[in-house]
Amino acid sequence: MHTKADGVVSGGYPLSSEQDSNRLRDERLRKLNALRQSGTNPYPYKFGRSHLAGALQEKYADLAPGTETEDVVSVCGRIMNERNTWMFVDLVDESGKIQLFCHKESLSEDDLKQLKLLDKGDFLGATGTIRRTKAGELSIKVKGYEILGKSLQPLPDSWQGLTDVEARYRHRYVDMLINPHVRDTLRKRALTIRAIRQYLDERGYLEIETPVLQVEAGGADARPFVTHHNALDLELFMRIATELHLKRLIVGGFERVYEIGRIFRNEGISTRHNPEFTMLEFYCAYGDYNEMMDFTEAMLRSVAQSVTGSASLNYAGNVIDFGKPWRRLRMIDAIKDVTGRDFDKATEVEAARQIAKELKVDISQAETRGAMVNEVFETCVEPTLIQPTFIIDYPVETSPLTKVHRSREGEVERFELFVAGRELANGYSELTDPEDQRQRLEEQARKKAAGNLEAMPLDLDFLLAMEYGMPPTMGIGIGIDRLVMLLTDSASIRDVIAFPTVKPLAKS
RNA sequence: GCGCCCGUAGCUCAGUGGUAGAGCACUCGGCUUUUAACCGAUUGGUCGUGCGUUCGACUCGCACCGGGCGCACCA
């Protein structure tokens, strides 16, 4: 990226700036002015459309090649291509494409002349009769047209498209308009969220919004973004989870609540991480983690079916089947299956350390036995979990908000869902014992005081809420972005976010 | 934060020490029922930025800016 002499910052693709002139833009400005001088408003107010392109393609699917009709229609959209010196124009709207046939037989001399002032990328409305060409292309024989929005920037090559990754994310609107699959992915994202809402709403869940700005950011192990409230002169944090507030709602008498909300975590950016992302969390009173696994499995199966039309899908070359019953496996048993090592027989830290060493797993960050078990699991087992698999019963040290296991010492009733080697969801029998919760959060606070930036702060109001009494509760968090990645076979989280975070270009 | 790689025309890309190239797009002309339309001619670049090395740098070195992938952190 370089800075131009006039101080305008330019990227791999031109920024639209009044100062950023180049000859391609100048040429379009020339046409814009010519339009204005001929009395045409290049940016009019409305257009009366009779049909979407897709609807016409469907309606006239059986019209034979070489057939003319008297059916008059009006369409509008963006000019994406032109052939035969504007005799044929590809007009694209949200539903698809329709070809315009601009011939001297049906257009006035002025209209024919003004075609030369159009460019690819302009918005156009056209009225004419439906016909299908001998070559089989459904077309509109244009009797009149109106420019609906002049484009000043050249579109990327219609054949090669826009592939430069940086340009695609920096100017996502160009990416969307030139690469149809980008729009398709975002459409499927919307369908996914709609399907989830519908599924939960139909089952008595209530969607409630909880604060984004918080005095303490808790509910997950993550570094928050810090911001500031001027009037209160108060340091505030952007939320890293919705968990602690949704559980307050359970205390407050709501029995089934959820939130689909933006979460902010001040961490690195990668193909699987965006600083802001969308998480679904939901909580249901009187259920445990077993019931939650049943519910989650049925819900995601239904969502996959309604978004993609099938319960089995392709991701990164793997066929992933949401239809078959999902495996449920104790974490320690999963490790045993893959490595042959048995942590049930390594109850002391030193024994666990020994196993990790033998497996060449880096445990330099792990202090407790539980953390070591978790490291071994993540390194050795996680990448092997391609088909949907619930890993259950986590070491207590790694899960400060989870109820202790009803029968297994040192474990908690927690599960995580893995698909395509990645974590997709995290749920548990919620910890509801205020004294146990206090001890666990105090332990977290000690870690935080000792310099662990991801440890949870001590949220005294949350503890107070729990002291008022909390029913048994099952809860879960599902990463919506990663779910959409799976459903759309997207390699990067940025592909499923309309405007992913990009570093701004330096001002000179 | 660390490692490897990348940045050349509006787009997609060649060019590895000796005058900056191609296809498409744009402009002009021709042609006119096309499907990446076709034919012809032109135009378009401080080769990401800066500083070095060199007789000479797109090419080599260093720094910086931006990006990709992997690791780390995590969802």
Side-chain angles (χ1 to χ4, degrees), chain A residues 1-5 9-14 16 20 22-28 30-31 65-66 68 80-90 97 99-105 116 119-121 131-139 141 152-171 174 178 219-223 240-241 263-281 362 364-365 378 416-418 422-426 452-454 477-483 485 491-494 502-508:
Chain A
M1 303 313 95
H2 65 283
T3 303
K4 297 197 167 180
V9 177
S10 175
Y13 191 75
S16 86
D20 181 21
N22 55 55
R23 84 183 196 294
L24 294 168
R25 185 165 181 274
D26 287 345
E27 184 58 36
R28 286 168 179 245
R30 181 187 67 75
K31 293 172 180 170
E68 305 258 354
M80 292 305 285
N81 201 8
E82 155 271 325
R83 289 176 294 280
N84 273 34
T85 323
W86 293 95
M87 189 179 288
F88 298 95
V89 176
D90 286 341
K97 185 188 91 174
Q99 178 172 272
L100 304 180
F101 178 52
C102 302
H103 198 265
K104 58 187 173 189
E105 280 175 19
K116 286 182 185 157
D119 283 296
K120 289 171 199 176
R131 63 195 294 273
R132 191 178 287 282
T133 65
K134 280 179 194 157
E137 188 76 33
L138 188 69
S139 308
K141 188 171 184 177
L152 299 181
Q153 293 288 345
L155 292 181
D157 189 288
S158 62
W159 184 245
Q160 304 284 357
L162 182 67
T163 60
D164 179 80
V165 179
E166 182 176 358
R168 285 187 52 218
Y169 294 132
R170 277 195 194 284
H171 308 291
V174 181
I178 211 80
D221 303 327
R223 298 180 64 174
I240 56 172
I263 300 295
F264 307 86
R265 295 190 183 174
N266 207 338
E267 289 157 355
I269 295 175
S270 78
T271 49
R272 290 179 290 283
H273 302 85
N274 198 63
E276 52 178 304
F277 63 101
T278 301
M279 185 138 81
L280 161 69
E281 285 194 40
D362 177 16
S364 55
Q365 305 292 320
E378 286 180 6
E416 289 190 314
L417 172 63
F418 293 89
R422 294 177 191 168
E423 183 187 341
L424 190 64
N426 176 19
N452 185 336
L453 295 167
E454 286 90 35
I478 300 178
I480 294 297
D481 311 84
R482 289 184 179 176
L483 175 61
M485 285 171 72
S492 169
I493 194 168
R494 296 170 148 202
V502 288
K503 200 168 173 179
L505 297 171
K507 300 245 160 63
S508 61

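The sequence lines fix the lettering, A, B, ..., with proteins before strands; numbering per chain opens at 1. Please read these numbers as outputs of a predicted model, since none were measured by experiment. Just so it is clear, the values below take in all heavy atoms, side chains as well, and ignore hydrogens, waters and symmetry mates.
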**Q** Counting heavy atoms from C-beta on, name the nucleotide in A25(B), C11(B), U27(B) closest to the side chain of Lys31(A).
**A**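 Within the option list, the nearest is U27(B).
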**Q** Between G68(B), G23(B), C26(B), which nucleotide gets closest to the side-chain atoms of Leu24(A)?
**A**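 Taking heavy atoms from C-beta onward, the closest nucleotide is C26(B).
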**Q** Expressed in angstrom and rounded to an integer, what is the separation of Asn81(A) atom CG from C11(B) atom P?
**A**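 In whole Å, C11(B) P and Asn81(A) CG are 18 Å from each other.
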**Q** When you look at CZ of Arg223(A), are more than 12 heavy atoms from neighbouring residues, nucleotides or ligands closer to it than 6.0 Å?
**A**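 Result for CZ/Arg223(A): open.
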**Q** Going by purine N1 to pyrimidine N3 plus the second Watson-Crick contact, or the G-U wobble pair, all under 3.5 Å, which nucleotide sits opposite G52(B)?
**A**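 Pairing partner, where one exists within any strand: C60(B).
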**Q** Using a cut-off of 4.0 Å on non-hydrogen atoms, how would the nucleic acid contact of Asp362(A) be classed: base, sugar-phosphate, or nothing?
**A**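 It contacts nothing in the nucleic acid.
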**Q** Decide yes or no, distance alone: a donor-acceptor N/O pair under 3.5 angstrom between the base of U33(B) and the side-chain of Ser139(A).
**A**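 No pair found.
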**Q** Contact class for Lys104(A) (heavy atom, under 4.0 Å): base, sugar-phosphate, or nothing?
**A**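 No contact at all - Lys104(A) keeps every heavy atom at 4.0 Å or more from the nucleic acid.
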**Q** In terms of the nearest nucleotide of RNA chain B, which residue is placed more toward the 5' end: Leu424(A) or Glu82(A)?
**A**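 Its nucleotide being nearer the 5' end, the pick is Glu82(A).
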**Q** Among Arg131(A), Lys134(A), Glu137(A), Arg132(A), find the residue that satisfies the side chain to side chain contact (heavy atoms under 4.5 Å, CB included) test when tested with Pro65(A).
**A**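 Of the listed options, the one satisfying the test is Arg132(A).
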**Q** Select base, sugar-phosphate, or nothing to describe what Thr85(A) touches, counting heavy atoms under 4.0 Å on all strands.
**A**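 Base contact - Thr85(A) has a heavy atom under 4.0 Å of at least one base atom.
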**Q** Answer with base, sugar-phosphate or nothing: what part of the nucleic acid does Arg132(A) contact at a heavy-atom distance below 4.0 Å?
**A**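 Nothing, no heavy atom under 4.0 Å.
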**Q** Is there a donor on the side chain of Asn84(A) or the base of U32(B) sitting less than 3.5 Å from an acceptor on the other?
**A**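 Such a pair exists between side chain and base.
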**Q** So what does Ser158(A) touch, heavy atoms closer than 4.0 Å: a base, only the sugar-phosphate, or nothing?
**A**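 Here Ser158(A) touches no strand at all.
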**Q** Which is true for Lys134(A) with a 4.0 Å heavy-atom rule: it touches a base, it touches only sugar-phosphate, or it touches nothing?
**A**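 Contact class for Lys134(A): none.
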**Q** Using a heavy-atom cut-off of 4.0 Å across all strands, would you classify Glu137(A) as base, sugar-phosphate, or nothing?
**A**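 Contact class for Glu137(A): base.
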**Q** Just to be sure I understand the rule, does Ala135(A) reach a base, reach only the sugar-phosphate, or reach nothing, if contact means heavy atoms closer than 4.0 Å?
**A**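 Base: the residue Ala135(A), judged by heavy atoms under 4.0 Å, touches a nucleobase.
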**Q** More 5' along RNA chain B: Lys503(A) or Ile269(A), using each one's nearest nucleotide?
**A**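 The residue mapped nearer the 5' terminus is Lys503(A).
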**Q** Please state how far atom CE in Met87(A) lies from atom C1' in G30(B), giving the value in whole angstrom units.
**A**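 Atom-to-atom, Met87(A) to G30(B), this comes out as 13 Å.
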**Q** Heavy atoms only, 4.0 Å cut-off, all strands: where does Gly477(A) land among base, sugar-phosphate and nothing?
**A**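 Nothing, no heavy atom under 4.0 Å.
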**Q** Within the structure shown, what part of the strands sits under 4.0 Å from Asn426(A) by heavy-atom distance: base, sugar-phosphate, or nothing?
**A**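 Nothing, no nucleic acid heavy atom in range.
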**Q** Could you work out the separation of C2(B) and U43(B) based on their P atoms and round it to a whole Å?
**A**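 Taking atom P in both C2(B) and U43(B), they lie 48 Å apart.
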